[in-house]
Each structure stands twice: as C-alpha cells, then as structure tokens.
*Asks:* 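Structure below; questions to follow.
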2 protein chains.
Amino acid sequence: MKEGPNIAGIAALIGDPARANMLQALMTGVALTASELAQEAGVTPQTSSFHLSRLAEAGLVSLRKQGRHKYYSLADSDVAALLEAMSGIAMRTGMTRVRTGPKEPALRKARVCYNHLAGEYGVQAYDSLLARDFLVEDGEQLHLTGDGRSFLTELGVVLPEKETKRRPLCKSCLDWSARRSHLAGIAGTSLLSFFLDQGWAKRVEGSRIIEFSRDGDSRFHAIFSL
Amino acid sequence: MKEGPNIAGIAALIGDPARANMLQALMTGVALTASELAQEAGVTPQTSSFHLSRLAEAGLVSLRKQGRHKYYSLADSDVAALLEAMSGIAMRTGMTRVRTGPKEPALRKARVCYNHLAGEYGVQAYDSLLARDFLVEDGEQLHLTGDGRSFLTELGVVLPEKETKRRPLCKSCLDWSARRSHLAGIAGTSLLSFFLDQGWAKRVEGSRIIEFSRDGDSRFHAIFSL
DNA sequence: GTGATAGTTCGATCACGATCGAAACAACAC
DNA sequence: GTGTTGTTTCGATCGTGATCGAACTATCAC
C-alpha cells in the first residue's frame, strides 16, 4: 500500500538471530565456509545452508565456490555499512553479546594448502607479488606478468614454459586462517617446493604445519617484503 | 556465541511489514498519531499500539503526548539514516513494493528525508557546497566553513550561533536513490525550511515527495550549480 | 453527569518460518 | 572402486510472534 522500497524484506533477513550472527561474523571482512558459519551461528549445517541461500538471493552476501567448499563473504561495503549503522543503533539501546575463544596459532602462520603455501606467509607472498606488478588480478583470472616470470625463475623457482587451461599457472586461493587470497596453481606449488628444497622451511610430520628456519624466515621476508 | 551488538533485535523490529510501514511513513518527518500510523500500516489500532510500544522501547521512535493523542516521530536522524541505507540495499535487489507507481521518479528527484532534503536536489546542493569549500568533509565529521556560513545566512537560511555535540550542524546522509551523500543535520533542516518558506518548493500531502515550482527550480539551480 | 473518540491491555487464534533428521549430492582422499 | 567430508534438498515439527475481538482506561465536548 505504500511507496518506496521494501525495507521489511531485508530487515527481516537480518532480523533472524542465526543470519545476524553469520553477517556479523562476516563483518571482519574475511570469507567463511558454510559449515564455519553454521558453527558461528550455532545452528546445524542444513539450517546454515538454508539461510545462506536466502542471504545470497537477496544480494547481501556473495559466494565463491572452491572445490567442495563455498566461501561466503559480504556482498560489498554498502552491506557492511548497513550492518555498521545497525550496530550503532543497537548499541545505544544496550544490547550486546558474549565472546568466543581463538584456535591454533601454529597453523595460522604457515601451512600447506593442498600443495601450496597458505597462512600468513602465503598471504604475504601473494600481496608482495601483487604490489610489484609481478602478479595481476583480472577478474576471476590471475596472471603472472613477464617481469614476474623472470623474477621467480631468477630466484630459482621452476616454472613450465606455457600454461594450459586445465592446469593454470596461477590461481588465487582463499586462506583458511587469514581469509585473504594466496597463490595457488602451478606457480604456487613450485614456490612451496622451492622453499622446501632450499631448506628455508620444512614440513612438520603428520601435520599441515610448515616451519620456517630462522635463516629461511629472514630470507623470505627479505624477498617478499611489502 | 559472538561478540558485538545485537543487530538482530532491531532488524527484527524493522523486519515486520506493519512496523516497516509505520517507520517509512514517519520518514516524512512529520509526527503521526497512533491511529494514523495504524491506517498507514493497514492494521487495527490495537496492533498499532502493540507495535509502537515496541518501537518506542527500542528507541527507534519517540512520542509526544498531547491531550488524548500520542504523536509519534522517528527518534533521531540516526534512525532515519539507517532506514535510508536499508532502502538503498532493498532497491538494488529489486525488492520494491508491489505498488511501485509513478511516484517513484518524483521521489528520486526531490523528497524529504526525516527533516532534510534528499534526492537529486539534495545531492546536488551537497556537492555544490563541497565544490566551493563551503562544506568540508573531515573523516566522518562534516563542517561548515566560515564562508559557507556567510553564504547560507546571506541567502536567508537561519543557522544557530553554535553547534552542540548532540545536535551537529552538519551531517551527511546516504541517499538510497542516488547512492551519494546529501546534507543532514541542523543546516540540512534549515535549508529545506528555507526552500519551503520561500515558496520555491512545497510538500506533496501524504508523501515524501517535494515539488519544486518552475521559478524555485531555476533559482535552486542558479545557486547550487556545479 | 452522558456520550464520543483515542489509546491500551488481555486473551485466544493462527500462520509463517526457523529448525533439525534423514537422505541425497558433490568433491576429494586413498 | 570405497570411504570421508562439505553442502544441499526434502519433510515434518514446533515455537514465536503478529493479529484481531472484546473489554477497559483516558481525554474531551456538551
């Protein structure tokens, strides 16, 4: 009966406690999987899936499929701004929640992700390559520039002559801990092999943890500074 | 299980169609009685009373008792900004009301947002003031410069001597249609009053639409050119 | 005082939507 | 291939909350 956009629709979406928890978890700017969001919201995966499909349908969250995972994140800064404004209103009425505990810090630092480097080190390497235009993002695609290829090969990283569609040279991979992109694809694999071959780092038995030696650590940071 | 304010609470409040209708009706800036709001929302007075008490309890609306009437209005500009932001999100998902009539273009052009001017005209005034350094953005804050104050007062806009922290002279408010900022705060209110008092524009009854006369339109564009 | 209008409280109803169990589907590991 | 894990679909349940009828209070007009 009224003019104007349907405020009630999206407000009702955010109004459900489970969905609100999910959105607040995504307010950190990191991408989370459906199961993680289920745990954050305190509901079963089925319920989580149901809610996430609704949120995505309404354009509040965007999703990125990666293997059997689905990484969800806030759609854009407008949604974040809306949630922020709502937090402000909620604050002054005196409604707050409780807090949860952290997890293992060892895995967050450096670990293997399938066959490439993940964790803080992985993210830093990725950012460093991007900052120096050795790596360029092209929408969903990721490309190694000519300078980037020379840089890596001169360093000692072995790269194939040409890349195929089936196994791309570079892929971005969302990080489990940092929730930022890091380098996957053949180049990612080669880079990790390089670190291990040089003795800069070694894998911890029966774990995904990768331990950098003191020497390897300083060499890494010298090369992949920001 | 999470930290942070309980956004689900207020979102759920706005999420009910009846309450959302009431709040949108109050976006016109005028105070409405409980029965009028009941009619706006399309519910019985009992239901309206129930909803209004909840909205008041949450601090979304304020009320002024006058005789046997109770006049409700939006609590403050923060609530208005929240509703405006939500309209913006709802717009882009195509979640418009069933009855999205011919009023919409008029709303985009010029409308009242709580107590100040929004729409294309509001955005243009804002931009024009910014371009001439009459208005300066300082992070989240917004300030009227000395030149800006003289400009407005010489024009005939009435401004208070000093501004308080509680009721800032200038605030920016995000526009749902233009997705740009426009001027809120006391200065925004005074500016709108000026337009109405001068007869440059008038309010359309029972709507948020503001109609500029031909003369008022040319005067406006002469002053707030870019 | 009586009557009329504005608003509220109570109680009961009723529908919508959140939730989970079970099972299917998808991607990986081996 | 088999087994495991992440995600989704279906179906059914169940609780919460919106809604209105009826009765009640408050203010005004006379």
Side-chain angles (χ1 to χ4, degrees), chain A residues 1 6-23 31-58 60-73 112-116 118 166-167 171 173-174 176 179 184 189 206-208, chain B residues 1 6-23 31-58 60-73:
Chain A
M1 329 294 175
N6 183 8
I7 284 184
I10 39 140
L13 278 177
I14 309 176
D16 178 70
R19 285 192 288 257
N21 282 334
M22 292 176 176
L23 291 173
L32 295 171
T33 67
S35 347
E36 287 168 330
L37 285 169
Q39 192 166 4
E40 289 285 345
V43 294
T44 57
Q46 308 96 290
T47 308
S48 165
S49 175
F50 165 72
H51 287 315
L52 286 170
S53 64
R54 297 215 143 212
L55 289 174
E57 184 186 8
L60 292 181
V61 302
S62 61
L63 65 99
R64 182 169 157 191
K65 216 172 156 184
Q66 189 160 302
R68 52 181 164 179
H69 295 277
K70 272 192 177 175
Y71 284 92
Y72 287 88
S73 49
V112 60
C113 176
Y114 297 121
N115 48 17
H116 55 267
R166 221 180 58 82
R167 185 79 208 280
K171 274 181 65 177
C173 179
L174 270 176
W176 169 82
R179 302 306 173 192
T189 306
S207 159
R208 294 174 57 187
Chain B
M1 321 305 169
N6 181 12
I7 64 174
I10 39 136
L13 280 177
I14 309 175
D16 178 70
R19 286 192 289 257
N21 282 335
M22 293 177 176
L23 291 172
L32 295 172
T33 68
S35 348
E36 286 170 330
L37 286 169
Q39 190 166 4
E40 287 285 342
V43 294
T44 58
Q46 309 96 290
T47 309
S48 165
S49 175
F50 165 71
H51 287 315
L52 286 170
S53 63
R54 297 213 139 213
L55 289 174
E57 183 186 8
L60 292 181
V61 302
S62 61
L63 67 102
R64 198 176 78 234
K65 217 173 157 182
Q66 197 166 79
R68 53 180 164 179
H69 294 279
K70 271 192 179 176
Y71 285 93
Y72 288 88
S73 50

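Note that the structure is a prediction, hence the values are computed from the model and not measured. First the proteins, then the strands, lettered A, B, ... as listed; each starts at 1.
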*Asks:* Mind calculating the distance between CD (A:Glu36) and C1' (D:dT5) to the nearest angstrom?
*Replies:* 13 Å
*Asks:* Counting any heavy atom closer than 4.0 Å, what does B:Tyr71 reach on the DNA or RNA strands: base, sugar-phosphate only, or nothing?
*Replies:* nothing
*Asks:* Students often get this wrong, so: under 4.0 angstrom with heavy atoms, is B:Arg19 touching a base, only sugar-phosphate, or nothing?
*Replies:* sugar-phosphate
*Asks:* Rounded to the nearest 0.5 Å, how far apart are OG1 of A:Thr47 and CG of A:Asp16?
*Replies:* 9.5 Å
*Asks:* Which nucleotide sits closest to the side chain of B:Tyr72: D:dT19, C:dT8, C:dT19?
*Replies:* C:dT8
*Asks:* Rounding to a whole Å, what distance do you find between A:Leu37:CG and C:dT19:P?
*Replies:* 14 Å
*Asks:* Just the rounded figure in Å: distance from P of D:dG6 to CD of A:Gln39.
*Replies:* 11 Å
*Asks:* Would you say A:Arg19's side chain and A:Ile14's backbone share a donor-acceptor pair under 3.5 angstrom?
*Replies:* no
*Asks:* Measuring from B:Met22:CE to B:Leu55:CG, what's the distance to the nearest 0.5 Å?
*Replies:* 7.5 Å
*Asks:* For B:Ser48 and A:Ala18, find the nucleotide of DNA chain C closest to each by heavy atoms; which residue's nucleotide sits nearer the 5' end?
*Replies:* B:Ser48
*Asks:* Quick check against the 3.5 Å criterion: does B:Thr33 have a side-chain atom that pairs as donor or acceptor with the backbone of B:Lys70?
*Replies:* no
*Asks:* C:dT9 C1' sits how many Å from B:Phe50 CZ, rounded?
*Replies:* 12 Å
*Asks:* What is the distance from CZ of A:Arg64 to P of D:dG6, rounded to the nearest Å?
*Replies:* 19 Å
*Asks:* Output the single nucleotide from C:dT19, D:dT8, D:dG21 whose closest atom is nearest the side chain of B:Gln46.
*Replies:* D:dG21
*Asks:* Any side-chain N or O of A:Lys70 below 4.0 angstrom from OP1/OP2 of D:dT8?
*Replies:* yes
*Asks:* Return the value, rounded to whole Å, for the distance between atom NE2 of B:His51 and atom C1' of C:dT9.
*Replies:* 15 Å
*Asks:* To the nearest Å, how far apart are A:Glu57 CD and C:dG17 P?
*Replies:* 13 Å
*Asks:* Nearest to the side chain of A:Thr47 - C:dT19, D:dA18, D:dT8?
*Replies:* C:dT19
*Asks:* Let me know the distance between CZ of A:Arg68 and P of C:dC25, rounded to the nearest Å.
*Replies:* 18 Å
*Asks:* Under 4.0 angstrom, heavy atoms only, what part of the nucleic acid is B:Thr33 near: base, sugar-phosphate, or nothing?
*Replies:* sugar-phosphate
*Asks:* Looking only at the side chains, is there a donor atom on one of B:Gln46 and B:Ser49 sitting less than 3.5 Å from an acceptor on the other?
*Replies:* no
